Amino acid sequence: MLDLRRLRREEAAVRAALARRGDPSVDGLLDRVLRLDADRRAVIQHVEAWKAKRNEVSRRVADLKRAGAEAEPLIEEMREVSAHIEEYDDRLRTLEREIEDALLLLPNTPHPDVPAGGAEANRVVRTWGEPVEAASWRKPHWELGAELGILDLERGAKLSGSGFPLFRGLGARLQRALIAFMLDWHVREHAYEEVYPPFLVKQEMMRGTGHLPKFASDAYHVPSDDLWLVPTAEVPLTNLHAGEILPGETLPRRYVAYTPCFRREAGAAGRETRGLIRVHQFDKVELVRLERPEASDAALEELTRHAEAVCRALGLAYRVVLLAAGDLGFGNAKTYDLEVWAPGCERWLEVSSCSLYGDYQARRAHLRYRPAPGAKPEHLHTLNGSALALPRTVGALLECYQARDGSVEVPPPLQPYLQSERIRGV
RNA sequence: GGAGAGGUGGCCGAGUGGCCUAAGGCGGCAUCCUGCUAAGGUGCUGGGGGCCAAAAGCCCCUCGUGGGUUCGAAUCCCACCCUCUCCGCCA
């Protein structure tokens, strides 16, 4: 959520920053917010003047009653005062709700580092590893997985519809192995605290991270209890300290969690979504950091390196892409995508998205810290990144490590978890 | 799911319509006393918002949340949330 006060004082700068996203609806929303805010402040002046009067007269009534004196004329006067308060309070409530509603629909301002333009302006900032050469004998992971008997998309679809993959045998075990490996890695190598959060969360939490209200149709909702299935562990992790004021000396906070992720992906079915590339349910290990504002730029670089480290450990060639303003997610100030090369389907697959939110989520979720003992609380900065999302990682692993005989070699770090060095057909 | 008890400031805890502008205590900060320490004295104490360029200052809101009654609500009424105890159900 944008800072209303900053918007008021630096309107031109905010407008210019948001314009880089190329979303034409933004200016109208800004106009509306500013107009409502002016109204709101005028109404506050009125209602508070009346409330001050009510407080003062109430005190006099109390004094008179205590002294056993007649207070009826004052009480009569107060009826009118109360009527004014009620009227202005109603208007204030309405205005505040309208401002909040509009503010929640405004995206974050892009970081100055972010290139102008749309997806075509995304910039590859570095690469690692030699992409495995495509060859005619290499199969895409959906064929390979089916032949090895470890991926059964048909039966997944029978149970739940398309986009609900089902893994069997070593395929199932591979999910568990990757989750355990990644969690252990980040805890041991990068000092993140492991968290196992709830998988259903309140609407308020979805709003805090920016998934609601605008993207309600992307998420699964359980109406009987008004809970939402997490689309990413970012939601519970970022909201872990919602409403709290953290002592500055306890920052940064680094959290890592595995959760399944549930996404409706409405309207996404099609060519680009075969196999494990875009599914409704998948597993992911997610990193979340709460940082002091002055440390957050560096934290994004570090967080991205932490996600990259997993690709390296698994021996997957990847590239790091800095997203342009027009391709940025709604709440993101700056994002690096990690894409691994999949030689079977001959594509770069996005396995991680590492983002800096600045104070955008912190304002929505009321995440604050105290810079020094006794100092005023301030909003902190939030970051998150996948490290990694499993399905595309699995796709790339299968495609990269497949042999001509149709078996798949297991990368060394996963062997102890998988209790196997090779996956063979049955 | 049923019955009961409860939710007050950083913490404990008093408070059944107006001297609550929330007692008292603990903790914390400042300061004084003090050879040092301990003990003690005095003062201060959270969050949000408005006026203001800002500060100072003044004002408003905040006793689980949201409504309501009333001239006036921590206090009365309604709904909801959470915690605890017992019962039921259950992996």
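All chains are named by letter (A, B, ...) in the order of the sequence lines, taking the proteins before the strands, and each is independently numbered beginning at 1. Predicted model, so just to flag it, every value in this text is computed and none were measured.
Contact check on A/E48 versus A/K51 returns no salt bridge, with no Lys/Arg side-chain nitrogen under 4.0 Å from an Asp/Glu carboxylate oxygen. Salt-bridge annotation for A/R15 and A/E11: present, with a side-chain N of the basic residue lying under 4.0 Å from a carboxylate O of the acidic one. In this structure, A/E77 does not pair ionically with A/R60, as no charged nitrogen and carboxylate oxygen lie closer than 4.0 Å.
The interatomic distance linking A/D226 (CG) with B/G66 (C1') rounds to 15 Å, in whole Å. As rounded to whole Å, 14 Å separates atom C1' of B/C80 from atom CD of A/E204. The separation between A/L246 atom CG and B/G46 atom C1' is 16 Å, rounded to whole Å. Across the protein-nucleic acid pair, A/E76 atom CD and B/G72 atom C1' stand 14 Å apart, rounded to whole Å. In this structure, A/L95 atom CG and B/G49 atom P are separated by 17 Å, rounded to whole Å. Summarising the geometry, the separation between NE2 on A/H46 and C1' on B/G49 is reported as 17 Å, rounded to the nearest angstrom. Computed from coordinates, the A/K65 NZ to B/U70 P distance equals 15 Å when rounded to whole Å. At whole-Å resolution of the value, OH in A/Y369 and C1' in B/G47 are 17 Å apart.
The partner of B/C20, taking Watson-Crick or G-U wobble pairs whose two distances both stay under 3.5 Å, does not exist in any strand shown. Pair check for B/C63 finds none; no Watson-Crick or G-U wobble contact set falls under 3.5 Å. Searching all strands for a Watson-Crick or G-U wobble partner of B/U45 with both distances below 3.5 Å returns B/G27. Across all strands shown, B/C58 forms a Watson-Crick or G-U wobble pair, both distances under 3.5 Å, with B/G50. Nucleotide B/U83 is matched to B/A5 when pairs are restricted to Watson-Crick or G-U wobble geometry with both distances under 3.5 angstrom. Nucleotide B/A14: unpaired (no Watson-Crick or G-U wobble partner with both distances less than 3.5 Å). Both distances falling under 3.5 Å, in either a Watson-Crick or a G-U wobble arrangement, occur for no nucleotide opposite B/A74. Across all strands shown, nothing is found opposite B/C36 as a Watson-Crick or G-U wobble partner with both distances under 3.5 Å.
Of the candidates B/C59, B/G18, B/G48, the closest approach to any side-chain atom of A/E48 belongs to B/C59. Of the listed nucleotides (B/G18, B/G48, B/C59), B/G18 has the atom at the smallest distance from the side chain of A/V61.
A gap of 13 Å separates the P atoms of B/U45 and B/G24, to the nearest Å. B/A14 and B/G25 are spaced 11 Å apart, taking the C1' atom of each and rounding to whole Å. Comparing B/A22 with B/C58, their P atoms are spaced 16 Å from each other, to the whole Å. Taking atom P on both nucleotides, B/C33 is separated from B/C26 by 23 Å, rounded to a whole Å. Separating the C1' atom of B/G57 from that of B/C71 is a span of 30 Å, rounded to the nearest Å. Look at the C1' atom in both B/U70 and B/G17: the space between them is 9 Å, to the nearest Å. Comparing the C1' positions of B/G7 and B/G64 gives an interatomic distance of 6 Å, to the nearest angstrom. On the C1' atoms, B/C20 is 11 Å away from B/A73, given to the nearest whole Å.
Side chain of A/N332 to main chain of A/K334: no donor-acceptor pair is present (N/O by atom type, distance under 3.5 Å, no hydrogens or angles).
For the segment residues 50-57 of chain A, residues with any heavy atom less than 4.0 angstrom from an atom of RNA chain B are, sorted by number, A/K51, A/A52, A/R54, A/N55. Listed by residue number, the members of residues 30-45 of chain A with any heavy atom below 4.0 angstrom from RNA chain B are A/R40, A/R41, A/I44, A/Q45.
Atom CD of residue A/E100 and atom CG of residue A/L36 lie 12.5 Å apart, to the nearest 0.5 angstrom.
Between A/Y318 and A/R312, the side chains place a donor N or O and an acceptor N or O closer than 3.5 Å (distance only, hydrogens not considered). A side-chain donor from one of A/T382 and A/Q361 sits under 3.5 Å from a side-chain acceptor of the other. A donor-acceptor contact under 3.5 angstrom links the side chains of A/Y417 and A/D184, judged on distance only. Side chains of A/Y255 and A/H241: a donor-acceptor N/O pair is present below 3.5 angstrom, by distance only.
A/P377 comes within 4.0 angstrom of the backbone, heavy atoms only, and of no base. Residue contacts for A/R368: at a heavy-atom cut-off of 4.0 Å it reaches the sugar-phosphate backbone alone, with no base atom in range.
A/S82 has no side-chain polar atom (N or O) that falls below the 4.0 Å cut-off from OP1 or OP2 of B/U70. For B/G49, the OP1/OP2 oxygens have a side-chain nitrogen or oxygen of A/R5 closer than 4.0 Å.
The residue among A/R93 and A/R9 whose nearest nucleotide of RNA chain B lies closer to the 5′ end is A/R9. Residues A/R370 and A/A62 each lie close to RNA chain B; by heavy-atom proximity, the contact nearer the 5' end of the strand is made by A/A62.
Side-chain contact between A/C345 and A/E399: present, with at least one pair of heavy atoms (C-beta onward) separated by less than 4.5 Å. Between A/L105 and A/D101, every side-chain heavy-atom pair lies at or beyond the 4.5 Å cut-off.
Counting non-hydrogen atoms of other residues, nucleotides and ligands closer than 6.0 Å to CD of A/E204 gives a total of 12 or fewer.
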